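Taking it in order: structure first as structure tokens, then the write-up.
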Amino acid sequence: MALTTISTKWKRNLASWVRLPLMSTLMRLAIRLIVPRHRVGVNAVPIDKQGRVLLLNHVFHPHIPWGLPGGWLNAHESPATGALRELLEETGLHATLGPAIYTNHEGPHPHVAIAYYVTPHPGTITLSNEIIEARWFYPHELPTPLHTSTTKIIKAALAYHQKNKQSVEVIP
């Protein structure tokens with residue numbers, strides 16, 4: 001029997017069965033076993049009042065060391081909270097969260113990437129053990145190489161910054 005031929009009465013009965021505690025538990029278990037899960041990586045894109053982007057030289061990225069503050073979400077953590085947490089952990093900086101400016105499904109370690117525009121609060125940068133160096137870069141002075149996704153994220157952040165804050169040079 002195709003799903004489109006199931007009667008409304010049968011659907012209502014099925015819905016009432018799923019509400020039963022045992023069925024509800026079995027359904028949650030089935031979802032955990034069957035529905036694919038993906039890692040979620042988050043980035044914060046700090047842009048200061050001069051239109052500079054904060055990039056970090058990461059210990060664990062030996063081939064393309066410069067990148068944005070970011071990392072993997074913790075269990076039950078929202079992407080916005082994770083982006084601000086990663087910025088704080090890696091740089092010691094607090095920031096005001098802006099909009100999500102980038103989402104994509106990426107590899108080589110398949111994950112969903114979400115990047116947020118953030119306005120950093122004044123403060124001293126304090127590097128975590130996984131960061132070698134932090135530097136503010138004007139858009140025309142970005143280090144190379146950068147991951148393709150990092151370049152896309154920075155372009156999106158600068159476009160948002162230019163439209164909503166102040167005029168800055170956008171990466172060509």
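As the structure is a prediction and not an experimental result, all values here were calculated from the model.
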| field | Residues which pass side-chain contact (heavy atoms from CB on, under 4.5 Å) with Arg12, listed by chain and number, not counting sequence neighbours | value |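 Checked Arg12 against side-chain contact (heavy atoms from CB on, under 4.5 Å); matches are Thr8.
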| Hydrophobic cluster of Tyr138, others only, ordered by chain and residue number, side-chain cut-off 4.5 Å |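 Other cluster members: none.
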| Residues that, via side-chain heavy atoms closer than 4.5 angstrom, fall in one hydrophobic cluster with Leu22 |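 Via sub-4.5 Å side-chain contacts, Leu22 links to Leu20, Met23, Leu26.
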Looking only at heavy atoms, which two atoms of [X] and [Y] are closest? And how far apart?
| X | Y | value |
| --- | --- | --- |
| Pro46 | Trp136 | O-CZ3, 3.7 Å |
| Ala134 | Leu54 | CB-CD1, 4.1 Å |
| Val42 | Ala83 | CG2-N, 3.6 Å |

Distance-only donor-acceptor pairs under 3.5 Å for side chains of residues 55-71, two or more places apart:
{"unit_1": "His58", "atom_1": "NE2", "unit_2": "Leu68", "atom_2": "O", "d": "3.3"}

| task | Tell me, please, which residues at least two apart from Trp72 pass ring pair (Phe, Tyr, Trp, His ring centres under 6.0 Å). | result |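 Scan of Trp72 (ring pair (Phe, Tyr, Trp, His ring centres under 6.0 Å), adjacent residues dropped) gives His111.
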| request: Could you tell me which residues satisfy ring pair (Phe, Tyr, Trp, His ring centres under 6.0 Å) with Tyr160, sequence neighbours excluded, listed by chain and number? | output: Tyr117
Check for me, please, whether [X] and [Y] land in the same ILVMFWY cluster - side-chain distances under 4.5 Å, paths through other members count.
| X | Y | value |
| --- | --- | --- |
| Ile114 | Leu97 | yes |
| Leu84 | Ile101 | no |
| Leu87 | Leu73 | yes |
| Val45 | Leu158 | yes |

Would you give the length of the straight line joining atom [atom1] of [X] to atom [atom2] of [Y], rounded to the nearest 0.5 angstrom?
| X | Y | atom1 | atom2 | result |
| --- | --- | --- | --- | --- |
| Ser149 | Ile154 | OG | CD1 | 9.5 Å |
| Thr103 | Ile153 | OG1 | CD1 | 10.0 Å |
| Glu106 | Lys152 | CD | NZ | 7.5 Å |
| Ile47 | Phe137 | CD1 | CZ | 14.0 Å |
| Lys155 | Leu142 | NZ | CG | 10.5 Å |

| query | Do the side chains of Pro110 and Arg39 get nearer than 4.5 Å, heavy atoms only? | reply |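 In contact.
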| Any side chain to side chain donor-acceptor pair (under 3.5 Å) pairs touching residues 80-91, not counting sequence neighbours? | Glu77-Arg85, Ser78-Thr81, Arg85-Glu89
| Residue pairs passing the ring-ring contact (aromatic ring centres under 6.0 Å, His included) test where at least one lies in residues 14-54, sequence neighbours excluded | Trp10-Trp17, His38-His105
Donor-acceptor contacts under 3.5 Å from residues 119-133 side chains, at least two apart:
{"unit_1": "His121", "atom_1": "NE2", "unit_2": "Thr96", "atom_2": "N", "d": "3.4"}
{"unit_1": "His121", "atom_1": "NE2", "unit_2": "Thr96", "atom_2": "OG1", "d": "2.8"}
{"unit_1": "Ser128", "atom_1": "OG", "unit_2": "Glu130", "atom_2": "N", "d": "3.3"}

